[in-house]
There are 2 protein chains.
Amino acid sequence: MNKKERTENSAECIKGMQAINDTMQLLSGKWKFKIVGALMKHGKLRFMDLLREVDGIAAKMLSKELHELEINLLVSRTIMNTKPVTVEYELTKHGQTLERVINEIEAWGLAHRKLIIQPMKK
Amino acid sequence: MNKKERTENSAECIKGMQAINDTMQLLSGKWKFKIVGALMKHGKLRFMDLLREVDGIAAKMLSKELHELEINLLVSRTIMNTKPVTVEYELTKHGQTLERVINEIEAWGLAHRKLIIQPMKK
DNA sequence: GAAACTAGTTTCCCAAAGGAAACTACCAAC
DNA sequence: GTTGGTAGTTTCCTTTGGGAAACTAGTTTC
């Protein structure tokens, strides 16, 4: 490997680390994955639906997390012209691209449970 | 969908959520992904190597995170018979299976940066 | 006009996460 | 015997994350 290749390789490394940071920052915390998961499974959901669907979350946290997801263009927020007003939350097209990531994380978790957690109990 | 199917579907849902929790618990925090990433790229690394390689980490955190990764059988710790003693950390076979997860997270982060972060600057 | 639903916000508090610096302990080289 | 390398641990402190409950505000139904 010559100097140019090493420099490029190092740059790739840093870029990759940065990319991992980007993703994890958007999805860090106790609730983001669960909210995205709920929206992935049900499509559109209103605030109160999410409050019921995401087990254990408080209104404050739901509100805060939805804001952050909206700012990052992963979730859209639509105020409906109903009485009383309802608000629909939905994954954006960009938000839907998280499916592959979430599937991998889920698959690894299942495998880990089979390989490590279950055998430990016996 | 009959009652049995609904029950099974709901059980699948819960299992999937649990799997996501399992994975994220093991890899939560500011440093775990970076440590695993460093070991994935370099193979074996000693404590001081990691301290230098993982940018910004303090000895306390590195020590704590390595313990947790070791307990969860993702990283192995080998004391070498050298003077002064050195310790080699390495991903276990199980730890190496994280590669697909990390690749997806990295790929999504890169795409996100191209789609959302870069255009915002212009 | 009181109760109940919508969608949040605000306040106050606690626990967990994380950082900086000092410290232990062993060994080698100078 | 002092400096410097190995691999950590300990202490003390600040920041962040998160939870419970009360509160705003508009609308509808009884």
Choose from [options] the nucleotide whose nearest atom is closest to any side-chain atom of [X].
| X | options | answer |
| --- | --- | --- |
| B:Met48 | D:dT9, D:dT6, C:dG8 | D:dT6 |
| A:Lys83 | D:dG18, C:dG8, D:dT27 | D:dT27 |
| A:Trp31 | C:dG19, D:dT9, D:dG18 | D:dG18 |
| A:Lys64 | D:dG18, C:dA7, D:dT27 | D:dG18 |
| A:Arg77 | D:dG8, C:dG18, C:dG8 | C:dG8 |
| B:Pro84 | D:dA7, C:dC12, D:dG5 | D:dG5 |
| B:Ala59 | D:dT9, D:dG19, C:dT6 | D:dT9 |
| B:His67 | C:dT6, D:dT9, D:dA7 | D:dT9 |

> What does C:dA7 pair with, Watson-Crick or G-U, if both distances are under 3.5 Å?
Replying inline: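 Paired with C:dA7, as far as the under-3.5 Å criterion goes, is D:dT24.
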> Taking atom CD of A:Glu68 and atom CG of A:Leu27, what is their separation to the nearest 0.5 Å?
Replying inline: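 So the CD of A:Glu68 and the CG of A:Leu27 are separated by 11.0 Å.
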Just the rounded figure in Å: distance from [atom2] of [N] to [atom1] of [X].
| X | N | atom1 | atom2 | value |
| --- | --- | --- | --- | --- |
| A:Asn81 | D:dT28 | CG | C1' | 15 Å |
| B:Tyr89 | D:dA7 | OH | C1' | 8 Å |
| A:Gln25 | D:dG17 | CD | C1' | 14 Å |

>> On DNA chain D, compare the nucleotides closest to A:Ile57 and A:Val85; which residue's is nearer the 5' end?
In response: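 In this pair, the answer is A:Ile57.
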> Across the strands shown, which category fits A:Lys30 at heavy-atom distances under 4.0 angstrom: base, sugar-phosphate, nothing?
Replying inline: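 It contacts sugar-phosphate atoms only.
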> Between the base of C:dG8 and the side chain of A:Lys60, is there a donor-acceptor distance below 3.5 Å?
Replying inline: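 Side chain to base: no pair below 3.5 Å.
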